[in-house]
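To find a chain, count down the sequence lines: A is the first, B the second, and so on, and within it residues start at 1. These numbers come from the heavy atoms of this one structure, side chains and all, not from hydrogens, waters or symmetry mates.
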Number of protein chains: 2
Amino acid sequence: MSQRRNTPQRKTIEALLEQSTSPILPKDLHLQAQQTLPNLGIATVFRALKDLVAEGGVRVVEIPGDSPRYESIKRNHHHHFKCNKCEVVFCIEGCPGNLETMLNPGFELSNHDITLFGTCAGCS
Amino acid sequence: MSQRRNTPQRKTIEALLEQSTSPILPKDLHLQAQQTLPNLGIATVFRALKDLVAEGGVRVVEIPGDSPRYESIKRNHHHHFKCNKCEVVFCIEGCPGNLETMLNPGFELSNHDITLFGTCAGCS
DNA sequence: GTTGTTGCAAATCGTTTGCAATGAT
DNA sequence: ATCATTGCAAACGATTTGCAACAAC
């Protein structure tokens, strides 16, 4: 099988993901990583993200209307809020729970995704 | 300003959206509409969807991992469930509500999006 | 006849892939 | 010296756009 190699590219990408306080878009991750590695290609970013998601170190965050963002799995279960004005995405702790009750009999719940929209504290 | 014209293309697309019991992908809508209008172009489907969403007759449904689906606004507020096995998307009535309590002070909630994942009755 | 609408093809955006060169082990 | 990884460019799928022909009004 394939043993993973510890390249500067991957180290940089992983570090940026761990430092970020909100989920990042691949293109922003690419821009930020290029400050350290100017020749870094966007394909390498996507490959690293795919590997990290497969290994379970990173999770995909989908905000309706946007392309996928990525965040480190180090943060525990939470959801996201996107401000309609400044477009910033915030992580929000807490979860309504009890979602199984929404399902008809015979349906089994494995996971869920909640996105809230509105105006953030700074914009309102 | 632009007055909308009642073309066969738009009538067909609107009718299909109203008949559907679950949100549809543009490419499926295109395929279905082509049974009536064989020369219908995919661009016309996207243009009609954009207009319908702008007018408020149709709503966008985003299931994480998939491209956007569309559904008639005639169905009232509800959420969606995607089966991990058969990949079918179901509408589910009901809503946990009380989501404002998840937000920090200063944040205002305008709308929300919930997607549940798991196994549907037919697959489990 | 005016002008919104269409189909087509080309363009765009985000993402993936093939491949030869490179670098970690 | 292996063989995973890289950067680049080409390929891709979904969506958008320009434009000349067309059709609803």
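- Here the P atom of nucleotide C/dC13 and the CG atom of A/Leu25 are 15 Å apart, to the nearest Å.
- Side-chain N or O atoms of B/Ser110 include none that pairs as donor or acceptor with a backbone N or O of A/Thr119 at under 3.5 Å.
- Following rounding to the nearest Å, B/Asn39 (CG) and C/dC8 (C1') show an atom-to-atom distance of 11 Å.
- Between B/Asp66 atom CG and C/dG14 atom C1' there is a gap of 16 Å when expressed in whole angstrom units.
- Taking atom NZ of A/Lys11 as the reference point, atom C1' of D/dT6 lies 15 Å away to the nearest angstrom.
- Distances were taken from every side-chain heavy atom of B/Asn6 (C-beta onward) to each of D/dG7, C/dT5, D/dC25; the shortest belongs to D/dC25.
- At the phosphate of D/dT2, neither OP1 nor OP2 sits under 4.0 Å from any side-chain N or O atom of A/Gln3.
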query: Given the rule in the side-chain contact (heavy atoms from CB on, under 4.5 Å) test, do B/Val45 and B/Ile13 qualify, once you have shown the distances and angles that lead to the verdict?
result: CA-CA 7 Å; B/Val45 174; B/Ile13 290 166; 4.2 Å; yes
- prompt: Going through the distances and angles, do B/Cys95 and B/His79 end up as a side-chain contact (heavy atoms from CB on, under 4.5 Å)?
  reply: CA-CA 7 Å; B/Cys95 173; B/His79 296 293; 3.5 Å; yes
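- Ring-plane geometry between B/Phe81 and A/Phe107 is classed as perpendicular, the angle between the planes exceeding 60 degrees on a 0 to 90 degree scale with a lower cut at 30.
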- request: Determine, step by step, whether A/Leu16 and A/Gln19 satisfy the side-chain contact (heavy atoms from CB on, under 4.5 Å) criterion, reporting the C-alpha distance in whole Å, the side-chain angles of both residues, the deciding distance to 0.1 Å, and the verdict.
  value: CA-CA 5 Å; A/Leu16 285 170; A/Gln19 284 156 30; 4.2 Å; yes
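- Taken to the nearest 0.5 Å, the CG atom of B/Leu49 stands 9.0 Å off from the CG atom of B/Asp51.
- Here C/dT6 presents its C1' atom at 14 Å from CD of B/Gln34, a figure rounded to the nearest Å.
- One can place CG of A/Leu29 at 14 Å from C1' of C/dT15, the figure rounded to the nearest angstrom.
- When the nearest nucleotides of DNA chain D are assigned to B/Arg4 and A/Gly41 by heavy-atom distance, the more 5′-ward of the two goes with A/Gly41.
- Exactly one of B/Glu62, B/Glu71, B/Arg69 qualifies for a side chain to side chain donor-acceptor pair (under 3.5 Å) with B/His80. That residue is B/Glu71.
- Rounded to whole angstrom, the span from the CZ atom of B/Arg10 across to the C1' atom of C/dG7 amounts to 14 Å.
- Distance, B/Leu49 CG to C/dT5 C1': 15 Å, rounded to whole Å.
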Please enumerate all protein N or O atoms sitting under 3.5 Å from an N or O of nucleotides 13-23 of chain D, with distances to 0.1 Å.
residue	atom	partner	partner atom	Å
D/dG18	O6	B/Arg47	NH1	3.3

